[in-house]
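Heads up: the structure comes next, in structure tokens.
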Amino acid sequence: MKAVVQERALPIDDPASLSDMNVPAPGQPTGHDLLVRVLAVSVNPVDAKQRRAPRTDEAPPRILGFDASGVVEAVGPDVTAFAPGDEVYYAGDVTRPGCNAQWQLVDARVVGRKPTTLDFADAAALPLTTLTAWELLFDRMCLRFDDSRHRGQVLLVIGGAGGVGSMAIQLGRHAGFTVVATASRPASADWCRAMGAHHVIDHRQPLPPQLQALGIAAVDAALNLADTDAYWEVLGELLAPQGRVGLIVEPRGPLRIGDPYKAKCISIHWEFMFARARFGTADLIEQHRILNRVASLVDAGELRSTAHTALGTINAANLREAHRQLESGSVIGKLTLAGWD
Ligand SMILES: NC(=O)c1ccc[n+]([C@@H]2O[C@H](COP(=O)([O-])OP(=O)(O)OC[C@H]3O[C@@H](n4cnc5c(N)ncnc54)[C@H](OP(=O)(O)O)[C@@H]3O)[C@@H](O)[C@H]2O)c1
């Protein structure tokens, strides 16, 4: 089968950083696995981080890619939720071969049915970042998707135009928050508004006076989706007593978790989207449930795809371009690739 592989950890401007290769197709699925024919993929910062991670010279070529949509071709004996022919979307498991290949084995418990109203590319844009935003807000920070208690409360989303921010804005608005997103350019600010942000402020400028100008003295919850260290101090200042902060980016150094975090009883919540799959947690099937619920919300018109730019078919040159754009830190929404040459 065709696949795009990484053989060595190389900078993205090196043509050998990602290569087209014919590799053996995976065998028949066992256990909870599905065999999926991959039709579209999206690309995330984790792909670039994995590509840059040091490798031994003996390590076999690695297939990256952790956002896909496609069609089920075969199911393992323990699969009950899917049958051959079903259209699906999923992020998968960072510890297994990824989706930049024509066929992939993936555990059915982290797979959802694809929204019927989206094409394969627009569906592939969603899984990884949607699972991240959903798990962070509703599983880790214990906020409520479907009740009125957040009406009048303020959610600050730092890095609003990124893949995770684009969905976090939509989910926060759906949950009833007044959503303030940050963006530093006119195009990314417009995108945040299109995703549903009530207000957009600039993360390249001091945040407190911009919030004060909106009449907001403190925020009830904040998502730092860009740089844990850089916004740590200002979020301690901005969060209301008993507020919540959500984190997804590994800090560069130690964080001072005492005052004002302690004095205000601010709770700190980590999300790692691959934790359930990596540790095989007993509630692994929650990702199947979240993706199915999100598919229903998309089909009902309550959430929208975050796809922004289509980069062509799935091949090494187009994936290198996707990595290059992601490494620039200026991607808006999601980059997608669909079909095979
Ligand atoms: N823990 C997890 O499970 C998990 C899951 C997904 C992602 N992540 C990590 O979370 C981060 C964001 O992921 P993503 O997919 O949303 O990335 P992304 O799509 O590449 O984010 C790009 C956006 O980040 C904004 N940005 C760049 N520098 C910023 C800064 N200093 N402050 C605020 N915003 C900034 C840019 O907005 P402007 O152009 O407006 O400046 C741009 O629109 C990455 O580090 C990723 O690896 C973690």
Side-chain angles (χ1 to χ4, degrees), residues 12 42-53 64-67 91-95 110 124-137 139-141 156-171 180-195 197 200-207 210 222-235 245-252 268-279 286-287 290 306-309 311 321-336:
I12 200 58
S42 175
V43 191
N44 290 279
V46 68
D47 295 72
K49 290 179 187 177
Q50 294 276 315
R51 195 200 80 245
R52 292 193 301 262
L64 300 171
F66 307 99
D67 253 340
D93 178 349
V94 76
T95 65
V110 300
L126 289 175
L128 189 150
T129 47
T130 301
L131 286 166
T132 305
W134 187 290
E135 289 182 343
L136 180 61
L137 286 164
D139 293 349
R140 314 300 174 217
M141 298 172 78
L156 175 64
V157 181
I158 293 187
V164 182
S166 301
M167 185 49 71
I169 290 170
Q170 295 188 58
L171 295 176
V180 182
T182 78
S184 70
R185 297 169 294 150
S188 50
D190 286 348
W191 177 259
C192 290
R193 287 187 201 95
M195 292 295 112
V200 183
I201 60 176
D202 183 352
H203 47 245
R204 308 273 177 225
Q205 304 299 325
L207 301 180
Q210 296 181 78
L223 309 183
N224 182 347
L225 308 177
D227 185 330
T228 299
D229 310 69
Y231 298 102
W232 184 251
E233 205 173 305
V234 74
L235 288 181
V245 63
L247 306 173
I248 64 169
V249 179
E250 181 73 21
R252 288 181 294 275
I268 301 162
H269 306 264
W270 274 108
E271 160 64 6
F272 179 50
M273 200 283 315
F274 291 116
R276 282 177 159 140
R278 176 171 168 191
F279 296 105
E286 279 306 312
Q287 293 204 332
I290 294 167
T306 53
H308 182 275
T309 305
L311 288 176
E321 174 59 18
H323 281 228
R324 194 191 60 71
Q325 291 190 24
L326 280 164
E327 287 182 353
S328 78
S330 59
V331 166
I332 294 176
K334 296 298 301 171
L335 307 172
T336 61

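Start at 1 and go down the list; that is how both ligands and their atoms are numbered. We count residues from 1, following the sequence as given.
- Counting only heavy atoms from C-beta outward, the side chains of Met141 and Leu136 approach each other to under 4.5 Å.
- Applying the side-chain hydrogen bond (donor to acceptor under 3.5 Å, both in side chains) criterion to Arg252, with sequence neighbours excluded, gives Asp227.
- Scanning for side-chain hydrogen bond (donor to acceptor under 3.5 Å, both in side chains) contacts around Asn44 gives Asp67, Lys334, with sequence neighbours left out.
- Ser328 pairs by the side-chain contact (heavy atoms from CB on, under 4.5 Å) definition with Ser330, not counting sequence neighbours.
- In this structure, Leu311 and Gln325 have side chains that are in contact, with non-hydrogen atoms separated by less than 4.5 Å.
- More than 12 heavy atoms of other residues, nucleotides or ligands sit less than 6.0 Å from atom CZ of Arg185.
- The protein residues lying under 4.0 angstrom from ligand 1, judged by non-hydrogen atoms, are Pro45, Lys49, Leu128, Thr132, Ile158, Gly159, Ala161, Gly162, Gly163, Val164, Ala183, Ser184, Arg185, Ser188, His203, Arg204, Leu225, Ala226, Tyr231, Ile248, Val249, Glu271, Phe272, Met273, Leu326, Gly329, Val331.
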